[in-house]
Amino acid sequence: MTNTLPEMAEIWQETLNWQPTAQQQLKFQQLYELILEGNRQLNLTRITEPQEFWEKHLWDSLRGIAPQQQFISSLKEGASAIDIGTGAGFPGIPVAIAAPNCTITLLDSTRKKINFIEKILTELGLSNAKTLVGRAEEIGQQPQHRQSYDLAFIRAVGSASACAEYTLPLLKKGGLAVIYRGNWTEEETTALENTVSQLGGEIEAIAQFITPLSKSIRHCLYLRKIATTPATFPRAVGVPTQKPL
Ligand code: SAH
């Protein structure tokens, strides 16, 4: 295997005030190799070049959990988190590597992707992560998952309104949803406010940033759950995307 990820110690330090340990760097490299290998059978990601993988999968995943150049404090204190529509494991697997004290559930509706993630977790020895197959609309109505998580992450799964409906029911009161976006406008913020309040949340912060290598624009939306989500949400499978709140 000739593909080696760059270390980027200075960039990690400057942007997140953090650097991976040698062991974490090794896990990033193993993750990268397993994904390249898995890509031959499964359509996991188009991002396969080492620098691009580092930026768009590793750095981007961790930037979302470090809004003030610090990892969200509950992650250090053993938060329980869920990554909804994790796909090949983003942002959930890099978060599990970077925050070993948290427990993270990796949810996806595709059994094949989850089987692949199971293999990654075993090979990387990531005992703080577990998998779940299902649709966010169904999982969010199950008592063992509803209102159970401190943090919920969601990247590249649907509209912001659908993402809010998938994440907020799963959070404990006081919990935080992190919605990863590319472009974002103030009009979209205004439109989302009403949706979020119907779900028992409020928009706490919106972070805008530029990725360190390709200088692309990104946003992360931070939604705080401040009240119980009405039992009608999330609605049935498909409704959050077809009839956005
Ligand atoms: N978060 C990853 C993958 C994005 S692709 C990344 O950023 O790279 C979107 C993934 O979400 C797919 O794997 C798809 O199976 C899953 N997905 C889409 N809708 C879902 C839903 N309602 N519930 C659970 N998973 C869903």
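No experiment lies behind these values; they were computed from the predicted model shown. Only this structure's heavy atoms are used, side chains among them; waters, hydrogens and symmetry mates stay out. Order of listing sets the numbers, starting from 1, for every ligand and every atom in it.
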Students often mix this up, so state it plainly: with edges at 30° and 60°, are the rings of Tyr149 and His145 parallel, tilted or perpendicular?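 Rings of Tyr149 and His145: parallel, as their planes differ by under 30°.
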Aromatic ring pairing Phe53/Tyr32, orientation class (parallel under 30°, perpendicular over 60°, tilted between):
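Rings of Phe53 and Tyr32: tilted, 30 to 60°.
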- [ ] For ligand 1, indicate whether the residue Thr86 contacts it via side chain, backbone, both or neither (heavy-atom separation under 4.0 Å).
- [x]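 Contact part for Thr86 vs ligand 1: backbone (N, CA, C, O).
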Checking a contact table here: which protein heavy atom is nearest [atom], and how many Å away?
atom                    : answer
atom 5 (S) of ligand 1  : Ala156 O, 3.6 Å
atom 22 (N) of ligand 1 : Glu137 OE1, 3.0 Å
atom 23 (N) of ligand 1 : Ala136 N, 2.9 Å
atom 3 (C) of ligand 1  : Gly85 O, 3.4 Å
atom 13 (O) of ligand 1 : Asp108 OD2, 2.7 Å
atom 8 (O) of ligand 1  : Arg155 NH2, 3.2 Å
atom 24 (C) of ligand 1 : Gly134 O, 3.4 Å
atom 17 (N) of ligand 1 : Ser109 OG, 3.7 Å

- Query: Any cation-pi pair here, Arg63 with Phe209, using under 6.0 Å and within 45°?
  - Reply: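 Yes.
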Contact with ligand 1 for Ile84, non-hydrogen, under 4.0 angstrom |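 For ligand 1, residue contact (heavy atoms, under 4.0 Å) with Ile84 is absent.
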query = Does Tyr166 have a non-hydrogen atom less than 4.0 Å from ligand 1?
reply =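 It does; at least one heavy atom falls under 4.0 Å.
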(message) On a heavy-atom basis, I'd like to know which of Thr45, Val157, Thr110 is closest to atom 18 (C) of ligand 1.
(response)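 Of the listed residues, Val157 has the closest heavy atom.
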Margin query: Evaluate Phe90 for polar contact with ligand 1, using N/O atom pairs at a separation under 3.5 Å.
Written below: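 Yes, Phe90 has an N/O under 3.5 Å of an N/O on ligand 1.
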Has ligand 1 got any nitrogen or oxygen that is less than 3.5 angstrom from a nitrogen or oxygen of Pro91?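 Between Pro91 and ligand 1 (N or O atoms, distance only) the closest approach is not under 3.5 Å.
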Is a donor on one side and an acceptor on the other found under 3.5 Å between the side chain of Lys225 and the backbone of Leu171?
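The answer is yes, because a donor-acceptor pair under 3.5 Å joins these two groups.
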Compute whether any side-chain donor of one residue and acceptor of the other, for [X] and [Y], lie under 3.5 angstrom apart.
X      : Y      : answer
Ser214 : Glu55  : yes
Thr189 : Trp184 : yes
Gln142 : Glu138 : no

**Request:** Could you tell me which atoms of ligand 1, counted from 1 in the order shown, lie closer than 4.0 angstrom to a heavy atom of Gly87?
**Result:**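 Counting from 1, the qualifying ligand atoms are 3 (C), 13 (O).
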(request) Using a strict 4.0 Å cut-off to heavy atoms of Lys113, name the atoms of ligand 1 that fall inside it. (result)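 Within the 4.0 Å cut-off of Lys113, ligand 1 contributes 12 (C), 13 (O).
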Enclosure of Lys172 NZ (heavy-atom neighbours >12, cutoff 6.0 Å):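 Counting other residues, nucleotides and ligands, NZ of Lys172 exceeds 12 neighbours.
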ask   = With a cut-off of 6.0 Å (strictly less than), are more than 12 heavy atoms of other residues, nucleotides or ligands near CD of Glu7?
value =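 For Glu7, atom CD is not crowded (no more than 12 foreign heavy atoms under 6.0 Å).
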Next item on the list: Could you pull out the closest heavy-atom pair between Gln141 and Ala231, with the gap in Å?
Entry: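 Here Gln141 and Ala231 meet closest at NE2-O, 3.0 Å.
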